[in-house]
There are 2 protein chains.
Amino acid sequence: MAQDKPRKRRKAERPQEILAAAVELFAEKGFALTQMKEVATRAGVAKGTVYLYFKTKQELFEEIVRSNVSPVFNQMEQVLHQSDSSVAELLEKVLNIVYRELVESPTRRAVMRVLIAEGRQFPELVEFYHREVLQFAERLLGMVLAAARDKGEIRDCLAVREPRVVIGPAVMATIWRMTFDDAAPLNIQQFMQAHLDLVLNGLLKPTSCEAGENGSRIGGGV
Amino acid sequence: MAQDKPRKRRKAERPQEILAAAVELFAEKGFALTQMKEVATRAGVAKGTVYLYFKTKQELFEEIVRSNVSPVFNQMEQVLHQSDSSVAELLEKVLNIVYRELVESPTRRAVMRVLIAEGRQFPELVEFYHREVLQFAERLLGMVLAAARDKGEIRDCLAVREPRVVIGPAVMATIWRMTFDDAAPLNIQQFMQAHLDLVLNGLLKPTSCEAGENGSRIGGGV
DNA sequence: ACTGATAATGACCTTCGGGTCAGTAAAAGT
DNA sequence: ACTTTTACTGACCCGAAGGTCATTATCAGT
């Protein structure tokens with residue numbers, strides 16, 4: 001029990017180890033319920049050590065948020081600049097990335113959850129995340145949709161101006177996995193397929209021949 | 001300042017007043033950050049009084065959850081049993097209710113937020129909410145979609161088996177209003193219109209005449 | 001008016017957890 | 001070897017907040 005582990009000095013590795021431990025715990029229990037003592041233990045150090053590398057608990061969380069912003073969108077931007085693909089292909093690729101990197105990544109889920117749950121405590125961070133992640137994604141998607149509309153691939157519908165409605169189900173899936181997955185697990189693959197199909201084709205049967213744009217459809221364009 | 005307000009005995013009204021105050025505060029600050037002292041003050045009583053009516057903070061929250069479960073679905077069920085309407089009309093009515101009662105109701109947003117944020121603390125409550133609200137809604141919507149499919153109004157697509165994908169954007173809107181509305185306000189009316197249009201018609205242009213089911217569409221039916 | 005019953009109070013208790021810092025031990029310098 | 005530097009430790013501090021209870025105020029019944 002009291003085996004007095006041999007102290008080691010590893011200044012270089014500590015920050016990463018502490019961040020990793022913190023991410024896990026924030027993902028499991030949220031910000032408020034995570035104790036710094038626990039973070040320290042999981043990182044294999046004493047509580048005081050954590051405070052050598054991060055001034056406060058909040059700064060620790062901020063580091064996590066900042067270090068998880070960029071990677072997703074590098075991929076995204078690459079994909080979207082193959083603009084010879086059809087919207088259908090493009091959207092499928094985008095959704096693949098979103099589901100893999102956002103819905104299925106424990107780290108990013110954790111960030112999302114804490115921001116939703118306890119965002120009021122750090123409004124600047126919420127603003128930062130919105131600007132760097134959400135707004136960025138929104139613009140990217142908005143450009144794709146607008147381009148597709150201009151090429152005549154998709155209808156000039158409201159969703160083109162409000163891309164958030166397109167990725168809505170993915171956000172819901174993230175929330176679901178964080179909260180209700182024990183009660184009713186979500187099959188991500190299946191959900192993603194349904195999402196893609198719904199967004200591209202809608203629920204209604206294709207209008208039969210005559211009357212082109214109209215028919216039984218409602219709520220349509222602009 | 002120290003005006004020593006005249007104490008009043010109002011056993012009957014207290015619980016409601018306390019619940020109302022608590023809802024407001026949970027909505028503003030979440031569960032953990034809301035202090036019982038504050039709840040008491042806002043309800044116009046002293047802290048001890050709150051504990052005359054609710055054993056613990058958690059029980060106070062449980063009461064809020066339980067008392068906010070049923071009302072939405074009474075409306076919902078009524079609407080859905082006018083089964084002579086088209087899916088388009090039905091879905092529009094359902095989304096109207098969902099956006100009004102869930103996305104725009106501070107109380108229900110608060111419940112949702114606390115469950116997402118701090119649900120780990122009360123797994124039984126999460127399970128309860130899932131069973132009574134989400135699963136119920138899912139089944140209701142699932143039945144509507146299945147019926148519409150059988151009537152031939154909508155395609156036999158994956159979304160019929162996974163109704164959650166249909167209301168996904170509404171969930172996102174709820175989250176958004178709780179978290180990012182300061183950074184970028186959401187126009188609910190517009191968002192709802194876009195949502196309905198997207199879900200019914202999809203993004204792609206209607207397939208032109210021949211080839212009926214297929215065409216440029218991908219990821220389609222079952 | 002008096003009094004028993006009880007709604008209401010708020011000072012107090014207790015626990016808990018973020019943050020500190022005097023001290024310890026592992027490297028680096030000589 | 002010995003000293004110096006500094007990464008590291010964990011007992012301690014202290015404010016905060018959930019929950020308690022002896023006391024006080026209000027009201028109903030007589």
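We name chains A, B, ... by the order of the sequence lines, and we start the count at 1 in each one.
- Phosphate contact (OP1/OP2 of D:dG10, side-chain N/O of A:Lys47, threshold under 4.0 Å): absent.
- Note: CD (A:Gln35) to P (C:dG19) measures 13 Å, nearest angstrom.
- The side chain of A:Ala46 lies closest to D:dG10, out of C:dG18, D:dG10, D:dG18.
- Comment: A:Glu127 engages A:Arg131 in a salt bridge, judged by a side-chain N to carboxylate O separation of less than 4.0 angstrom.
- Distance, B:Lys57 NZ to D:dG19 P: 8 Å, rounded to whole Å.
- The side-chain heavy atoms of B:Val199 and B:His195, taken from C-beta on, include a pair separated by under 4.5 Å.
- With D:dT20, C:dT9, C:dG19 as the candidates, the nucleotide lying closest to the side chain of A:Thr56 is C:dG19.
- As a whole-Å value, the separation of A:Lys55 NZ from C:dT20 C1' is 15 Å.
- Taking only side-chain nitrogens and oxygens, A:Lys37 never comes nearer than 4.0 Å to OP1 or OP2 of C:dG17.
- Comparing the axis of the opening five pairs of the helix from C:dA1-D:dT30 to C:dT30-D:dA1 with that of the closing five pairs yields an angle of 10°, rounded to 10°.
- Distance CE (B:Met36) to P (C:dC12): 21 Å, rounded to an integer number of Å.
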Given the rule in the salt bridge (charged side-chain N to carboxylate O under 4.0 Å, His left out) test, do A:Arg120 and B:Glu28 qualify, once you have shown the distances and angles that lead to the verdict?
CA-CA 8 Å; A:Arg120 289 285 158 84; B:Glu28 284 169 29; over 6 Å; no

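- Between B:Glu59 atom CD and D:dG19 atom C1' there is a gap of 13 Å when expressed in whole angstrom units.
- Atom OH in B:Tyr51 sits roughly 13 Å away from atom C1' in C:dG10 (whole-Å rounding).
- A perpendicular orientation is assigned to the rings of B:Phe61 and B:Phe26, their planes being inclined by more than 60° (bins at 30° and 60°).
- Checked options A:Leu91, A:Val79, A:Leu90; the residue passing with A:Ser85 is A:Leu90 (criterion: side chain to side chain contact (heavy atoms under 4.5 Å, CB included)).
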Between the protein and nucleotides 5-7 of chain D, which nitrogen or oxygen pairs come in under 3.5 angstrom?
unit_1 : atom_1 : unit_2 : atom_2 : d
D:dT6  : O4'    : A:Arg9 : NH2    : 3.4
D:dT6  : O2     : A:Arg9 : NH2    : 3.3
D:dA7  : O4'    : A:Arg9 : NE     : 3.0
D:dA7  : O4'    : A:Arg9 : NH2    : 3.1

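- The distance from atom CD of B:Glu118 to atom P of D:dG18 is 12 Å, rounded to the nearest whole Å.
- Note: A:His130 and B:Trp176 have perpendicular aromatic rings, judged against thresholds of 30 and 60 degrees for the angle between ring planes.
- A:Thr34 comes within 4.0 angstrom of sugar-phosphate atoms only, judged by non-hydrogen atoms across all strands, and of no base.
- The shortest distance between side-chain heavy atoms of B:Glu17 and B:Arg10 falls below 4.5 Å.
- Side chain to side chain, A:Glu62 and A:Gln58 meet the donor-acceptor criterion of an N or O pair below 3.5 Å.
- With a 6.0 Å cutoff to the six-membered ring centre and a 45° limit on the axis angle, A:Arg66 counts as a cation-pi contact of A:Phe128.
- Look at CD on B:Gln58: it is 16 Å from C1' on D:dA17, rounded to the nearest Å.
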